[in-house]
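Sequence lines set the chain letters: A, B, ... in the order given, protein chains first and strands last, and positions in each chain run from 1. In this text the structure is predicted, and so the values were computed from the model without any measurement.
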Amino acid sequence: MGLLLLLGIFALCVTIGVPVAFGLAIAAIATFAYEGLPLLIGFKRIVSGISVFSLLAIPFFIFAGELMLRGGIATRLINLAAAAVGWMRGGLGVVNVASSMLFGGISGSAVADVSALGSLLIPVMKRKGFGADYAVNVTVTSSIAGIVIPPSHNMILYVVAAGGGISVERMFLAGFLPGFIMCLCLAVAAYWVAARRNYPKESFPGFTALLATAIAAVPGLFTAVIIVGGALSGVFTVTESGAFGVIYALLITVLAYRSLSFKDFCAAVGQSVRTTAMVMILVGSATAFAYLLALYRVPDQLTSMLLYISDNPIIILIILNVMLLVLGMIMDMAALILICTPIFLPVVKSFGMDPVQFGIILMMNLGLGLCTPPVGACLFVGCAIGNVPIDKAVRTIWPFYLAILVALAIVTFVPDASLALPDWWARTMDP
Amino acid sequence: MSSFANAIRQLDRLLTPLAKLVAVLSGLCLVFLVFSFGWLVFGRYVLNATPTWVEQVALLLVVTIAFLSTATNAREGVNLSVDIVPLMLPWHRRRWLLAFIDLTLAGFGLLMAVKGYDLTVFAWSTKVPLINVPEGLRNLPLAVGGGLLALFCSVNAGKRFTEGETPPSGEIDAPVKGLE
């Protein structure tokens, strides 16, 4: 009955539009009251869920992303991608994917990726004769790279939600190859659609121009190198790397690029604080919620239920992928990471899957949810920028969904796609 | 009704500088957080004396940012939510649902404030290690944020009641196309 109350109140709150974080908190506190547990423990769980050292990296990643977003880095990355791959058929589509791979690796946010690159690339693509739906679709789907390619604050959320035992560094390394595979699949889809629609290609600007754009983009790209490299080398903790990433981004955008005004800086601080609060309150509420899920032994029950359906790991993985995809369609990513991880992780572990591999699968599934109606933040932002009705964009998005699903299948059924790099790193660091 | 509407408008105007103050305070916390970690690394590698206060202060600051900004986020309506059902309703119905949500949040904020206060008092005599300040400070943002949430959301609900049948700027007169 308690579990029913917990899930029922949460479902009701979310359905009528109560913010997800409060839906979780209200459901948890009501269930604490129903079970006769002291409410103080419930609220203490919320506070202690936020007061976790490894979570401190999240505001830094968000802040660094905001500074890069407002500090002119996106333009330089697009120039680099345009010089490198713009000469292909439908070159701007492939440029869009490549830019997402570069920018996503820095910002770590899919929505930031769509707003930054979309506002620059979608109008240009439309002007050059590309369909508005194509421009929106390629921008929206390639933005998932921001979640999978490190640094990504969603990976930290996953590590925290997993309750220890996974290192952020391992997650970061695990994201590189799947992110690259996904972008490669998307680039193929972008090329294929462009070829079918006979979209134009740009001329190759020459190796000198390519080198010049690369040199201009390198200082911005170095932000990701500082954050990921600092953490991997052991010189900094992940949190310290995040703080250094912010300081570096500030120095680059103010001193080198001279493109960040004080007004932009204040706007970046304001937006970072808003986003940080949204994520942190979700983490706190989900901690109280997850405490009750564990109390009701939900992960054990789910494992038994899935074992009842099949004991074939492949079938179980397909079922989990479908469940995550459906959940991703209707709820926000951060909330789902925090809710699903404590439930699904014990299940996949019992089937012998590495938690790091599952983390990447989770990111890709929920990332795809950001591009699907009815709740798809990236899709909505992309359609707003491209001035395309959502239903029109969705009608022609399937080649891109298919590309992501192919990448997802590779990551799901080939563990080395995500584990080869972290395993190699572990062997190198500790021979 | 018009005197109620006037009172709500006045109250909302009074709360605007308070919300700005909270936003500025949260922003300063974030900037301090960044530079304190810069100082931590500088102290460890250059001065060879790690400032041990940084981590504990950072945890207090992040809790402060989370609860204070959650209240201002609720005032601005920018917390993450699933808006399919509200957007399926025409504005004259949706505003009642939004008022109900605001009142729910206000009620929860009040509970947060009361329980946050209890937790603060309960843990006041214990000290946070390394910085020697009361442990209760960690729970204080819960109480303050809860109070602000109750205040902001009550006024938001009042605004919904007094807004009338025309959607205010920023709201669309749904049902949104494709969702009805």
Side-chain angles (χ1 to χ4, degrees), chain A residues 13-23 25-26 29 39-40 42-44 46-48 50-53 55-56 58-60 63 235-236 239-240 242-244 246-247 250 266 269-270 272-284 330-332 334-335 373-375 377 389-391, chain B residues 23 26-31 33-38 40-41 44-45 55 58-63 65-74 76-87 94 97-98 100-101 104-105 108 111-112 115-116 118-119 122 138-139 141-142 145-146 177-179:
Chain A
C13 284
V14 169
T15 308
I16 64 169
V18 172
V20 179
F22 289 105
I26 291 169
I29 294 299
L39 294 192
L40 278 186
F43 281 102
K44 187 65 201 163
I46 295 176
V47 176
S48 55
I50 298 169
S51 193
V52 175
F53 185 72
L55 285 174
L56 286 173
I58 293 177
F60 296 147
F63 195 13
V235 175
F236 305 140
T239 308
E240 291 163 358
F244 255 76
V246 173
I247 294 170
L250 196 58
C266 291
V269 172
S272 305
V273 161
R274 266 193 287 273
T275 312
T276 298
M278 279 183 217
V279 175
M280 288 300 183
I281 200 72
L282 259 176
V283 174
I330 53 175
M331 211 194 284
D332 179 72
V375 182
I390 292 168
D391 55 328
Chain B
S26 303
L28 288 175
C29 285
L30 180 65
V31 174
L33 203 60
V34 170
F35 287 102
S36 65
F37 268 90
L40 175 81
V41 175
R44 187 197 303 149
Y45 288 114
E55 291 183 6
L59 289 175
L60 290 178
L61 290 178
V62 89
V63 174
I65 293 172
F67 285 110
L68 296 193
S69 293
T70 294
T72 50
N73 280 355
E76 294 163 17
V78 293
N79 277 315
L80 296 167
S81 55
V82 180
D83 294 327
I84 306 168
V85 171
L87 287 174
R94 196 190 326 150
L97 179 61
L98 295 178
F100 173 73
I101 293 170
T104 308
L105 294 191
F108 188 72
L111 192 62
M112 271 169 71
K115 296 298 171 188
D118 290 347
L119 276 172
F122 179 73
R138 211 185 290 280
N139 305 311
L142 177 72
K177 255 190 174 172
L179 287 174

Could you look at [X] and say if it's the side chain, the backbone, both or neither that has a heavy atom under 4.5 Å from chain B?
X: F63(A); value: side chain
X: V283(A); value: neither
X: A25(A); value: both
X: I26(A); value: both
X: I29(A); value: side chain
X: I58(A); value: neither
X: T15(A); value: both

**Asked** So which part of Y45(B) gets closer than 4.5 Å to some heavy atom of chain A, the side chain, the backbone, both or neither?
**Response**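 Only the side chain of Y45(B) comes within 4.5 Å of chain A.
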**Asked** At a heavy-atom separation under 4.5 Å, does L119(B) approach chain A through its side chain, its backbone, both, or neither?
**Response**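 Both parts, backbone and side chain.
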**Fill in**
Sequence neighbours excluded, the answer for ring-ring contact (aromatic ring centres under 6.0 Å, His included) partners of F60(A) is F37(B)
**Item:** Closest heavy-atom pair and its distance - P59(A), L33(B)
**Value:**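 Answer, listing the atom of P59(A) first, then L33(B): CG-CD2, 4.4 Å.
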**Message:** Using every non-hydrogen atom in the two residues, find where P86(B) and G17(A) come nearest and quote the distance to one decimal.
**Reply:**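 Answer, listing the atom of P86(B) first, then G17(A): CG-CA, 4.1 Å.
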**Asked** How about T104(B) and F22(A): do any of their side-chain heavy atoms sit closer than 4.5 Å?
**Response** no
**Request:** Measure the shortest side-chain to side-chain distance between F43(A) and L111(B) over non-hydrogen atoms and say whether it is less than 4.5 angstrom.
**Result:**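 When only atoms from C-beta onward are counted, L111(B) and F43(A) do touch, with a gap below 4.5 Å.
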**Fill in**
Most contact-rich option vs chain B, by heavy-atom pairs under 4.5 angstrom, among L56(A), V14(A), T276(A), L250(A), is L56(A)
**Request:** For E240(A), enumerate each residue passing the salt bridge (Lys or Arg N to Asp or Glu O under 4.0 Å) test, keeping only those at least two apart in sequence or located in another chain.
**Result:**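 Counting only residues at least two positions away or on another chain, E240(A) forms a salt bridge (Lys or Arg N to Asp or Glu O under 4.0 Å) with R44(B).
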